[in-house]
Amino acid sequence: MEPCSCDTFVALPPATVGNRIIFGKNSDRPHDEVQEIVYFSGKCYAAGEKLECTYIEIEQVKQTYAVVLSRPSWLWGAEMGANEFGVCIGNEAVWGKEDIGKEEALLGMDLVRLGLERARTAEEAVDVIVSLLDQYGQGGNCNEDTTPFLYHNSFLIADRKEAWILETAGDFWAAEKVEEGIRNISNNFSITTKIDREHPKTRPHASNNSWWDGVQEFNFAGAYSWHYPSKSSSHGDRYCEGYKLLKKHNGNMTAEAMIEILSDKRSGVNMEGSFRTTGSMVSILPQDPNQPCCHFFTGTPDPSRSVFKPFIFAPQIEQLPKTASPSFGSDDPVKQLPRFQTRPDRRHELWRKHESALKNMGNEMLGKMKNLEKQKLKEVECILNGGDVDPASLAMLFPNSVEDEIKIYG
């Protein structure tokens, strides 16, 4: 099971307008999987406390940071999200020469959430993820189904200052720092010879397996991929198509332009079919620390027929009930062995309303949705440009936007 899915993008000055970093991701997942938008506040923990992730239990840290996540509703981790310090992470499924472990460990999506909960910067998130990867490993079924869906993971991590690409193959990894311009990742290894950090055994392992002769300049993608990224069939095609879309807006990248990229169906970035885009995210990360970071989420499939709704961290934020799926606790089929014997209805209220509206969505309704999106983008620009907004209003920015969208659906 190796679908063509997921794309993550970042643009940094001078590619952007207004000294901002723009982050974007489409989460392409099984067409019937529900994606929810959830918020978790930061907390302090006693020494020795444990944390239950999707499949395994790990050591908890003394303090976690507030996060907002877009995630498949059956698991603990996330496909993408942000934290209170403006760190954003999106991950991709990747395949290569290294065997994929079938044993349950940390999912790549667990590592996304753990990186966000434990890091104040993008590079700190790299540290968190590779440390956990070394300690606990990665593995387990990434699909709510009895048919295993297994893969390695790559990550695009950004903050107000820079971005990092982290690509893994089993226990081995390489990381590339991005300080300016445009960059994207898809379902293939993309780090070649510019390697800023790496597992100490990444090169010896490649050499021992005759993937690298030890003489030529080391190329991570060239060593660990079955195919070179730009030529890796549909995966490479979409990776290249995504880069073309970024390049089209190079020097003029805005949140609106990133939304346009994520909505593009011709390139395959906005997927349809058995795997489809089930959730999307765009973030504005101002380099001015006095301006808040803003994160837009759809919480619904097909970004071209969804509304990107703004979220800004504020002290009074509580859980987001209209975009949070039902919880089944210990009775959840994910928690019971053998896993995935049944599949409960995980649709949240916004998902249900949007799903019903999609069946007969005409131009009039779509126009109202996109007008709401434009209105929210303007509202955020006013906030970023120094508009006086009290914390209580910021806390309700996303919930109120969800309510406005639901009203359109009737």
Side-chain angles (χ1 to χ4, degrees), residues 1 27 29-30 33 35-36 38 40 42-65 67 69-81 83 89-95 98-119 124-155 157 166-173 199 201 325 327-344 346:
M1 187 178 184
S27 173
R29 300 283 302 170
E33 182 181 83
Q35 191 126 166
E36 62 177 346
V38 289
F40 297 100
K43 292 184 179 180
C44 293
Y45 296 89
E49 285 199 48
K50 304 293 184 181
L51 172 64
E52 186 178 351
C53 300
T54 302
Y55 295 130
I56 67 168
E57 189 178 77
I58 68 171
E59 296 289 331
Q60 182 58 284
V61 292
K62 291 182 180 180
Q63 181 181 8
T64 60
Y65 306 127
V67 298
L69 308 172
S70 183
R71 68 178 187 178
S73 55
W74 60 271
L75 51 76
W76 180 85
E79 273 276 289
M80 51 199 173
N83 72 14
I89 308 179
N91 93 306
E92 311 287 333
V94 289
W95 295 267
E98 185 67 15
D99 290 339
I100 299 174
K102 295 182 180 180
E103 292 185 6
E104 291 183 345
L106 289 173
L107 295 179
M109 292 175 280
D110 292 339
L111 291 167
V112 168
R113 178 172 174 179
L114 289 163
L116 292 171
E117 287 190 339
R118 301 181 178 195
E124 277 186 22
V126 174
D127 293 334
V128 168
I129 292 172
V130 299
S131 175
L132 290 166
L133 185 63
D134 184 60
Q135 187 173 1
Y136 298 103
Q138 61 178 319
N141 191 357
C142 300
N143 187 22
E144 189 185 10
D145 195 271
T146 54
T147 302
F149 179 29
L150 309 171
Y151 50 77
H152 304 301
N153 291 272
S154 67
F155 306 86
I157 309 168
L166 171 61
E167 298 184 340
T168 72
D171 297 333
F172 309 101
W173 56 270
H199 188 286
K201 294 185 179 179
S325 295
S327 176
F328 300 94
S330 59
D331 293 328
D332 197 307
V334 178
K335 299 297 182 184
Q336 298 175 341
L337 297 177
R339 303 191 196 276
F340 309 124
Q341 298 304 297
T342 59
R343 192 168 184 177
R346 301 186 186 275

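Heavy atoms only, all atoms of each residue included: V128 and A119 are closest at CG2-CB, 4.3 Å. Between F328 and P344, the closest heavy-atom pair is CZ-CB, 3.6 Å. The two residues P72 and R29 have their closest heavy-atom pair at CG-NE, 3.9 Å.
For the pair L51/Y45, no side-chain contact is recorded, criterion being any heavy-atom separation below 4.5 Å from C-beta on. Side-chain contact between I58 and Q135 is absent, with no heavy atoms from C-beta onward closer than 4.5 Å.
Within the 3.5 Å criterion, the main-chain N or O of S325 finds a donor-acceptor partner in the side chain of E36. In terms of modelled atom types and a separation under 3.5 Å, the side chain of N153 and the main chain of N91 share no donor-acceptor contact. Listed for the T64 side chain is a donor-acceptor partner under 3.5 Å among the backbone atoms of K43. Using a distance-only test at 3.5 Å, with no hydrogens or angles considered, a donor-acceptor pair links the side chain of E49 to the main chain of A46.
Distance CD/E124 to CG/D127: 7.0 Å, rounded to 0.5 Å. Taking CH2 of W74 as the start and CZ of R343 as the end, the distance is 9.5 Å to the nearest 0.5 Å. Note that CD of E98 is 10.0 Å distant from OG1 of T168, once rounded to the nearest 0.5 Å. In this structure, CG in N141 is found 5.0 Å from CZ in F340, a value given to the nearest 0.5 Å. L166 CG to S154 OG: the interatomic distance, rounded to the nearest 0.5 Å, is 8.0 Å. Atom CZ of residue F149 and atom CD of residue E144 lie 14.0 Å apart, to the nearest 0.5 angstrom.
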Give the intermediate values and the outcome of side-chain contact (heavy atoms from CB on, under 4.5 Å) for residues L133 and H199. CA-CA 11 Å; L133 185 63; H199 188 286; over 6 Å; no

Trace of the side-chain contact (heavy atoms from CB on, under 4.5 Å) decision for Y136 with E59: CA-CA 10 Å; Y136 298 103; E59 296 289 331; 3.6 Å; yes

Set out, in order, the CA-CA distance, both residues' side-chain angles and the distance that settles side-chain contact (heavy atoms from CB on, under 4.5 Å) for W76 and E52, then state yes or no. CA-CA 8 Å; W76 180 85; E52 186 178 351; over 6 Å; no

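For the side-chain contact (heavy atoms from CB on, under 4.5 Å) with Q35, the lone residue among R346, M80, R71 that qualifies is M80.
Using modelled atom types and a 3.5 Å distance limit, the side chains of S70 and E79 yield no donor-acceptor pair.
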For residues 99-112, which side-chain donor-acceptor pairs fall under 3.5 Å, sequence neighbours excluded?
unit_1: E104; atom_1: OE1; unit_2: R339; atom_2: NH2; d: 2.8
unit_1: E104; atom_1: OE2; unit_2: R339; atom_2: NE; d: 2.8
unit_1: D110; atom_1: OD1; unit_2: T54; atom_2: OG1; d: 2.7
unit_1: D110; atom_1: OD1; unit_2: G77; atom_2: N; d: 3.3
unit_1: D110; atom_1: OD2; unit_2: L107; atom_2: N; d: 3.1

